[in-house]
There are 2 protein chains.
Amino acid sequence: MRTDSTSHALTDAAIAPSRPAHLRRANARGLLRLLKEHNPCSKADLVRLSGLSAPTVSSAVAYLESLSLVENLGDGESSGGRPPEMLRFNASHGYVAGVDIGGTRLRMILADLNGRVVTQWATQFTEKQRSPKAVCSLIHEGLKVMCQEGSTSLRKVLHITAGAPGITNVNSGVVLSAPNLYDWNDVPLRSMLERELGIPALIENDTNLAAVGEHWRGSAEGVGDFVFIALGTGVGAGIFIHGKLHHGANWSAGEIGYGNVAGKPRQNLEVHATGQLERAIGGLGIEAEWKRLLERERRPNLAGLERLRATEVFDLAVDGDRMAAQVVQYTAQILVDCIVGMALTLDPGVVILGGGVGSHPELCRVTARLLAQNEFAKPQLRSSSLGPQAQLHGAISLSLSATEAQLLA
Amino acid sequence: MRTDSTSHALTDAAIAPSRPAHLRRANARGLLRLLKEHNPCSKADLVRLSGLSAPTVSSAVAYLESLSLVENLGDGESSGGRPPEMLRFNASHGYVAGVDIGGTRLRMILADLNGRVVTQWATQFTEKQRSPKAVCSLIHEGLKVMCQEGSTSLRKVLHITAGAPGITNVNSGVVLSAPNLYDWNDVPLRSMLERELGIPALIENDTNLAAVGEHWRGSAEGVGDFVFIALGTGVGAGIFIHGKLHHGANWSAGEIGYGNVAGKPRQNLEVHATGQLERAIGGLGIEAEWKRLLERERRPNLAGLERLRATEVFDLAVDGDRMAAQVVQYTAQILVDCIVGMALTLDPGVVILGGGVGSHPELCRVTARLLAQNEFAKPQLRSSSLGPQAQLHGAISLSLSATEAQLLA
DNA sequence: TAAATTTCTTAATAAACTTTACAAAGTTAA
DNA sequence: TTAACTTTGTAAAGTTTATTAAGAAATTTA
């Protein structure tokens, strides 16, 4: 029956603060959230918005000002009486950073606490820089450059989120496997970053980050249940359920690249093989289908037709090329099968197509047309609005959430 | 900027009670929860468990006793000092009921606030009783009978949950469509029940209820992410994510019966047709496959072999019948394809096979064997432990949660 | 210039929790 | 048998937080 005196079951509960002091913090948190949503506004506004009494709001705001989380902008415009003191969330109180570790390059972004982008930075990997350790120093370097460009200091960077193209255990901060990267396995990236940078860090799967980005300020704004499908070199999905990422029991939710493709023989799933769906409609798969058609019809290889990238084939389809249109049709049909399968399971309201190949307008158009032929299991199909920036914005979003929880803990 | 004075943005927030009075309620709720988990126990125990001070616990318990939610059992055993006053959650303070509206019969269950089953009741539908209105009166009748048998009164029944074999909008309380029932469409079942019984009600899809049941006191106890597959006349799934049911944007998450089956031609989804997966491995589909094999091998129709039900065919397979084993293999293979598809999307830790056909041990055995051939996307496969009772227990579970929230609102 | 309006603060009051002190009812051991 | 010790529970006093009520400050309106 005896429990550790520092851990209280009540306070651990979902909604069960137990002590008066908790009220103060909860109110401060709530007021800060309201201020962010109605930035800038006056104390009187906060009184109306929160339902709390004026003195309570006053003292909470004083507390937030003492933490430099809130600034007093001075008098605003009177509406027939004493002019209000306008308050603003101090977005420069700190900064957050996002990282996208890609197959060939590293991209980074720095944003203030409002999520406003301050600077970006990118670099190509050299052969030597591909080890986890080297990547960490490279990130350190990039962060320093961005801080300088943004006229701030590393000390003011409060959190960083890094995305990797592989299966990541967000809790332990370990990249479990990233074959499409440099075959990272069980890399404790979070702790490495935290040691290198001295900043709390978070790691995530890159497709999941893109989904977060689209949810935050992209095509899925305000949509709690959706699936983001990333179609590029690889094929994967980021799944949002009830406004939050769904990771699954082994951090591998959304690994749809291994799914079966209708018409192709069933196959057991092996760890070190490329998945069937990925082979079919990953970038290489699409290009292979294009070459197959070219050869079948013995078309002359004008202007290097044989070496076109997937998106270039799609562009040809827009220009009216019949054979390229067939490739689009082929891709869209397989994609629709995949979407229908997920829709029957999850019933998402929205499906977003993203990734280098997936966000091509022609593919979206044809996919939507095919999907509409069903009488149900047809979620709204949208194209990614953040494009290749989605991951970075998602990283910022996660860092902002983590910071928010941390600032008034 | 002006907001309605009765709605406070802060109090609507996830974790943001704002007033001292909220503390009282939150603490009372928390203490009641702790008492339920350590039933019976003393105030001193609650002090240790909650981390609250003794006077606070005393006054909260007094409050709970005044509501008759807690009983004082008198002195317990001393552990070297003044003997503790033992407290017990008063499970007879009220009761909750569950209903399963099936294709041919109505089943009901009555339980106390601890979830202990008091009585059950069931009846076959007659032709006339199939209208929503008639079903409601039948439920009323059943409830009265159960109250009598349980020596309680209808007034003490605090909540009821009803499950229907169709797509249900839990928020609005409307059965959107239940073709396998009596072609109910847009039936406002919840409000009908509430008017008929004078009790707050909840409605749900029956497969979802079964999933809740297995999660509460069945094969998925303690598992937050799992999929319950119901294989019977129909084929459907109940999906648990992060400890809660997942409904999807149109209340049709888990309607996997319409899924494609590998090797069969792709098909568009139509509302009034049976789904491809359901045609393949629903009860009728399995029986059809059995007949097909019988005919192909021109086997003499001994002992009415042609009229065997799916489960009877599976029984034959256990007895060593080669052809029946083929049917099991056929079913299991399609089931595995379906499970793998869901596993790649959701990565559930556990998949539970249930329903009249799905819970057959032989099917589970073969399915598990096939599933194990994959190197990943192989969730733990379990068989339903509540069997046909799963729905009813799930209904009780939902009613208990609803009641808990209601008792100390 | 006075009245009205809006914003914000100060002072008094109420609610809820905690600490401290102590009473009640047992066990243990000289 | 009795005194010391333990454990449980309550009462009183004090602390923290929020509220209401009153009023001060700064502006617009008449």
Side-chain angles (χ1 to χ4, degrees), chain A residues 1-2 5-6 8-11 16-31 35 38 40-65 70 72-87 408, chain B residues 1-2 5-6 8 10-11 16-31 35 38 40-66 70 72-87 408:
Chain A
M1 275 291 177
R2 186 161 287 281
S5 69
T6 56
H8 301 309
L10 272 190
T11 54
S18 56
R19 296 178 169 70
H22 290 200
L23 280 185
R24 247 184 102 85
R25 275 205 294 276
N27 283 336
R29 249 199 313 272
L31 287 171
L35 175 56
H38 302 82
C41 72
S42 68
K43 287 182 203 176
D45 290 331
L46 289 178
V47 168
R48 283 187 287 268
L49 287 166
S50 68
L52 294 173
S53 69
T56 302
V57 169
S58 264
S59 91
V61 166
Y63 171 63
L64 292 172
E65 282 182 315
V70 166
N72 193 323
L73 297 180
D75 286 3
E77 220 169 288
S78 162
S79 60
R82 172 174 172 176
E85 294 173 30
M86 298 310 284
L87 303 171
L408 292 168
Chain B
M1 276 291 179
R2 186 160 285 283
S5 71
T6 56
H8 302 309
L10 271 190
T11 54
S18 57
R19 295 179 170 70
H22 290 199
L23 279 184
R24 248 186 102 85
R25 275 206 294 275
N27 282 336
R29 248 200 312 274
L31 287 171
L35 175 55
H38 303 84
C41 72
S42 68
K43 287 183 205 177
D45 290 332
L46 289 178
V47 168
R48 283 187 287 268
L49 288 166
S50 68
L52 294 173
S53 69
T56 302
V57 170
S58 263
S59 91
V61 166
Y63 170 64
L64 292 171
E65 282 181 316
S66 78
V70 166
N72 192 322
L73 297 179
D75 285 4
E77 220 169 287
S78 162
S79 60
R82 174 174 170 176
E85 294 173 28
M86 297 310 284
L87 303 171
L408 292 169

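Computed from a predicted structure; not experimentally measured. Letters A, B, ... mirror the listed sequences (proteins, then strands); counts begin at 1.
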remark   = Comparing nearest nucleotides in DNA chain C, the 5'-proximal residue of the pair B:Gly81, B:Ser59 is B:Ser59
task = Would you kindly give the CG-to-P distance between B:Asn72 and D:dT10, to the nearest whole Å?
result = 9 Å
message = Assuming nearest nucleotide by heavy-atom distance, tell me which of A:Asp75 and A:Val57 is located more 5' along DNA chain D.
response = A:Val57
ask   = With sugar-phosphate meaning primed atoms plus P, OP1 and OP2, does A:Ala54 contact a base, only sugar-phosphate, or nothing at under 4.0 Å between heavy atoms?
value = base
query = What is the distance, rounded to the nearest whole Å, between atom CZ of A:Arg25 and atom C1' of C:dC17?
reply = 15 Å
task = Report yes if some heavy atom in the side chain of A:Asp45 is under 4.5 Å from a heavy atom in the side chain of A:Pro84; otherwise report no.
result = no
ask   = How many angstroms lie between CG in B:Asn27 and CG in B:Leu52, if you round to the nearest 0.5 Å?
value = 5.0 Å
ask   = Can you check whether A:Ser42 has a side-chain N or O nearer than 4.0 Å to OP1 or OP2 of C:dT7?
value = no
query = Which of these nucleotides, D:dT27, D:dA12, D:dT19, is closest to any side-chain atom of B:Pro55?
reply = D:dA12
query = Roughly, in whole Å, what's the span from CG in A:Leu23 to P in C:dA15?
reply = 15 Å
message = Given C:dT9, D:dA18, C:dT7, identify the nucleotide with an atom nearest to the side chain of A:Ser58.
response = C:dT9
inquiry  = Looking only at the side chain of B:Pro84 (C-beta and beyond, no hydrogens), which of the listed nucleotides D:dT19, D:dG9, C:dT7 gets closest?
reply    = D:dG9
inquiry  = Tell me whether the side-chain N or O atoms of B:Arg82 pair up with the base of D:dT8 as donor and acceptor below 3.5 Å, since no angle test is needed here.
reply    = yes
inquiry  = So, taking the atom named SG in B:Cys41 and the one named CG in B:Leu31, what distance separates them when rounded to the nearest 0.5 Å?
reply    = 9.5 Å
note = CG of A:Leu73 to OG of A:Ser42, rounded to nearest 0.5 Å, is 11.5 Å
inquiry  = I need the CD-C1' distance between A:Glu77 and D:dT27, as an integer number of Å.
reply    = 12 Å
ask   = When rounded to the nearest 0.5 angstrom, what distance separates NE2 in A:His38 from CG in A:Leu87?
value = 13.5 Å
inquiry  = I need the CG-P distance between B:Leu31 and C:dA16, as an integer number of Å.
reply    = 15 Å
key: Atom-pair distance (CG on B:Leu52; P on D:dT16), nearest Å   = 18 Å
task = Considering just the side-chain nitrogens and oxygens of B:Arg48, establish if one lies under 4.0 Å of OP1 or OP2 belonging to D:dT8.
result = yes
inquiry  = Using whole Å, what does the distance between atom P of nucleotide C:dC8 and atom CG of A:Asp45 come to?
reply    = 8 Å
key: 5′-ward residue of the pair A:Glu85/A:Gly80 relative to DNA chain C   = A:Gly80
ask   = Taking NZ from A:Lys43 and C1' from C:dT10, how many angstroms apart are they, rounded to a whole number?
value = 13 Å
query = Which part of the nucleic acid, if any, lies within contact of B:Ser53, taking any heavy atom under 4.0 Å across all strands shown: a base, the sugar-phosphate backbone alone, or nothing?
reply = base
task = For the residue pair A:Leu64 and A:Leu408, establish whether any side-chain heavy-atom pair is separated by less than 4.5 Å.
result = yes
message = Would you say A:Asn27 places a side-chain N or O within less than 4.0 Å of OP1 or OP2 belonging to D:dT17?
response = no
ask   = Checking all strands, does A:Ser78 fall into the base, sugar-phosphate, or nothing category for heavy-atom contacts under 4.0 angstrom?
value = sugar-phosphate
query = Heavy atoms under 4.0 Å, any strand shown: does B:Ser79 hit a base, just sugar-phosphate, or nothing?
reply = sugar-phosphate
Nucleotide nearest B:Pro83 when distance is taken to its side chain, options D:dT10, C:dG26, D:dT19 = C:dG26
